[in-house]
Amino acid sequence: MAAERNWPLVLRLGTAQTLAWGSTYYLPALLARPMADGLGLPVSHIWAAFTVALLVSAVLGPLAGRTIDRWGGRPVLMGTSVLFALGLAALSQVQGTVGLVLAWLLIGVAMGSGLYEAAFAALVRLKGTGARASITGITLIAGFASTVGWPLSGWMEAGFGWRGACLGWAGLHLLLGLPLNASIPRASALPEPVRDAPAGPQAAPGHPAAPPHPWTAWALSYVFAATWFVSTAMAAHLPTLLVASGATLAGAVAIGALVGPAQVAGRLFEFGLLRRLHPLLAARAAALGHPLGVACWMLFGPVAGPVFALLHGAGNGILTIAKGTLPLVYFGPGGYGQRQGLIMAPSRVAQAFAPLVFGACIERWGAGALWISSALGLSALACLLWLRTAPSR
């Protein structure tokens, strides 16, 4: 019954996250070229401004998490709805490079306090260690952000231009996102001693849990940064890689379209069959997905492209959940928001530079760049295997 009572909250937060991701992270894929053409700028300027926004979000993540730890997620997420709207409205009015960067800076502030990490922290603040199923539910819904966001951005751009599309997204944040985030239950403010108390894993009464190994947070931070670098690189360059391997452009687009549904399928699998297992086991299997897909691709060529897309997508979907659940398992709910912001900050930096760095690797080695992404996936798996002994030390 408790899980059933959680679904209205999960649905509201998941819908708000779908809006947040679709109007920011997935926005340049459809609007970067029209923006560049309309402003008379190279398209690289648009992506550079977007990179700045991601870097700002990495810096502000810990502060946003600490605020959620103190006051709950409702006021923070409501504020980010307003910031998203202001940033997108400002973006619709830019006339040059300076205005472009300033608008994306404002959007970056909102991203640092309004995407998955903030939603996860809001749930943990309300549900404590029982937030795992709700975290999975949010990622299930928001997994359709690109599926919804890209067609909607394309439709608005075709009918009203890129400026109208940005204004349309701004309006949706005020008309839909703000009421959804305002409907989140209030969390009572925590006094300073409770807020600053040391956090730890959950234990049975009278049997304190052993503290995690001192390097656990660093290991998790590396795992998430490496895997997010890979997922962002694939999102930006997968069609190019497929064409470089011999696939046709139409085939590359069709194969790339499998990644989104595979992510949702992976999250459903985690929610159904894996939810009773330790999330570390699911994370290990998920980290192996990309390297296995690369091995199939390299052995069999473009014909194995769909297998790669399914393995990579499913693994990425499960790892998105692990980003919320593993810190909760190892450190407990106390101070979760701030710790989550710190652990995920390197991931934001890796995400910001992934398209540029991996694009340079493709230019140098072509499809051979996949060996680099595969090595990163295997190194993340090695860290997850090491974490097996961390809680008992």
Spacing of CH2 belonging to W71 relative to CZ belonging to R66, to within rounding of 0.5 Å: 12.5 Å
Within-4.5 Å side-chain heavy-atom neighbours: F353 and V349: yes
Whether S347 side chain and A225 backbone form a donor-acceptor pair below 3.5 Å: yes
Close aromatic pair by centroid cut-off 6.0 Å: W21 and Y25: yes
Which atom of L381 lies closest to which atom of R284, heavy atoms considered: CD1-O, 3.4 Å
Atom of L326, atom of P279 and distance for their closest heavy-atom approach: CD2-C, 4.0 Å
Joint hydrophobic cluster, I362 plus W297, side-chain heavy atoms closer than 4.5 Å: yes
Aromatic plane relationship, F308 with H312 - under 30° parallel, 30 to 60° tilted, over 60° perpendicular: parallel
S221 side-chain N/O to A217 backbone N/O, donor-acceptor pair under 3.5 Å: no
R33 side chain reached by W162 side chain, heavy atoms, under 4.5 Å: no
Pairwise distance NE2(H173) to CG(L19) - rounded to 0.5 angstrom: 4.0 Å
Donor-acceptor pair, side chain of T232 and main chain of F229, under 3.5 angstrom: no
V124 with M344, same ILVMFWY side-chain cluster at under 4.5 Å: yes
Derivation of the side-chain contact (heavy atoms from CB on, under 4.5 Å) call for I372 and W365: CA-CA 10 Å; I372 296 175; W365 296 297; 3.5 Å; yes
L180 CG to L11 CG distance, which is reported to the nearest 0.5 Å: 8.0 Å
Test item: N316 and V230 side chains (from C-beta on) under 4.5 Å apart, heavy atoms: no
Nearest-0.5 Å distance, OG1 of residue T227 to CD1 of residue I318: 12.5 Å
L60-L86 co-clustered via ILVMFWY side chain contacts under 4.5 Å: yes
Stepwise side-chain contact (heavy atoms from CB on, under 4.5 Å) check, I141 with Q17: CA-CA 8 Å; I141 297 170; Q17 283 295 297; over 6 Å; no
Check: L54 main-chain N/O paired with S57 side-chain donor or acceptor under 3.5 Å: yes
Donor + acceptor pair across side chains of W169, S92 (<3.5 Å): no
4.5 Å side-chain heavy-atom contact, F160 and W155: yes
G72 backbone acceptor or donor facing R186 side chain under 3.5 Å: no
N181 (side chain) donor-acceptor with L77 (main chain) under 3.5 angstrom: yes
Residue pair F331 / T216, side-chain heavy-atom distance below 4.5 Å: yes
Cluster check L342, L328: I/L/V/M/F/W/Y, side chain < 4.5 angstrom: no
Backbone of L376 reached by a side-chain donor or acceptor of S379 within 3.5 Å: yes
Donor-acceptor under 3.5 Å (S374 side chain, L370 main chain): no
Common cluster, L13/L172, ILVMFWY with side-chain heavy-atom separation under 4.5 Å: yes
Atom pair CG (L123) and CD1 (I135), whose distance is rounded to the nearest 0.5 Å: 6.0 Å
Distance, nearest 0.5 Å, that separates NE2 of H45 from OG1 of T97: 4.5 Å
Min side-chain heavy-atom separation C383-W215 under 4.5 Å: no
Donor-acceptor under 3.5 Å (R267 side chain, G317 main chain): yes
No-hydrogen, no-angle side-chain donor-acceptor test under 3.5 Å, S373 and H290: yes
Under 3.5 Å, sequence neighbours excluded: what are the donor-acceptor pairs made by side chains of residues 99-121?
{"unit_1": "S113", "atom_1": "OG", "unit_2": "V109", "atom_2": "O", "d": "3.2"}
{"unit_1": "E117", "atom_1": "OE1", "unit_2": "R348", "atom_2": "NH2", "d": "2.7"}

